[in-house]
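A short write-up of the structure that comes next.
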Amino acid sequence: MAASKLQALWSHPAGPKTIHFWAPTFKWGISIANIADFSKPPEKLSYPQQVAVTCTGLIWSRYSTVITPVCLICMQDHNSQALEG
């Protein structure tokens, strides 16, 4: 049972053999770094950087729903970036 589920994941159009899996996986690093910035004093934050993170999150979360295959991992990551910024 578990082997068939792993095989299905491995062969999925947005599975680990594709960029649709690895790009958002590593992009979560930006989200984690952005959350780590919450502990910094406000004068140390880069407002242009926060605006850029928010804008890219909004733009690319829409794009992740229109590409084939639809990349839900990517959409979740971009939505979190839009909310963090």
Side-chain angles (χ1 to χ4, degrees):
M1 178 76 170
S4 65
K5 287 187 178 185
L6 286 175
Q7 183 63 31
L9 172 68
W10 185 255
S11 300
H12 192 274
K17 295 190 292 186
T18 67
I19 191 70
H20 296 289
F21 178 83
W22 290 108
T25 301
F26 286 106
K27 203 160 189 305
W28 275 105
I30 296 172
S31 296
I32 293 168
N34 208 22
I35 290 170
D37 284 347
F38 289 167
S39 63
K40 289 184 179 179
E43 59 273 1
K44 296 279 187 177
L45 296 177
S46 170
Y47 294 108
Q49 177 183 345
Q50 295 302 315
V51 170
V53 168
T54 301
C55 289
T56 58
L58 292 171
I59 292 167
W60 291 106
S61 63
R62 169 67 179 126
Y63 175 74
S64 65
T65 62
V66 296
I67 60 173
T68 302
V70 172
C71 188
L72 297 178
I73 297 171
C74 194
M75 185 179 68
Q76 291 169 344
D77 177 43
H78 292 304
N79 285 341
S80 72
Q81 286 182 345
L83 293 174
E84 291 165 9

- What pair of heavy atoms forms the shortest contact from Ser31 to Gln81, and how long is it? OG-CG, 3.3 Å
- Answer whether the closest heavy-atom distance between the side chains of Tyr63 and Cys74 falls below 4.5 Å. no
- Task: Over all heavy atoms of both residues, which pair between Ser39 and Ala36 is shortest? Give the atoms and the distance, please.
- Result: OG-O, 3.0 Å
- Message: Measuring from atom OG1 of Thr54 to atom CD1 of Ile59, what distance do you get when rounded to the nearest 0.5 angstrom?
- Response: 11.0 Å
- Item | Side-chain (Ser11) to main-chain (Ala8) donor-acceptor, under 3.5 angstrom | no
- At what distance, to the nearest 0.5 angstrom, does CG of Leu83 lie from CG of Leu58? 8.5 Å
- Minimum heavy-atom distance between Pro24 and Ile73, given as atom pair plus value: CB-CG2, 3.7 Å
- Note on the structure: On a heavy-atom basis, the closest approach of Pro16 and Leu9 is CD-O, 3.4 Å
- Item | Minimum heavy-atom distance between Ser80 and Trp28, given as atom pair plus value | OG-CZ3, 3.4 Å
- Task: Check the hydrophobic clustering (I, L, V, M, F, W, Y; side-chain heavy atoms under 4.5 Å; chains of links allowed) and say if Ile32 and Phe26 are grouped together.
- Result: no
- Considering only heavy atoms from C-beta outward, does the side chain of Met75 approach that of His78 to under 4.5 Å? no
- Message: Hydrogens and angles aside, do Gln50 and Asn34 bring a side-chain donor and acceptor to less than 3.5 Å of each other?
- Response: yes
- Do Ile30 and Ile35 share a hydrophobic cluster (ILVMFWY, side-chain heavy atoms under 4.5 Å, transitive)? no
- Contact summary for Thr18 and Gly15, nearest pair of heavy atoms: OG1-O, 2.8 Å
- To the nearest 0.5 Å, atom OG1 of Thr25 lies from atom CD1 of Ile19 at 9.5 Å
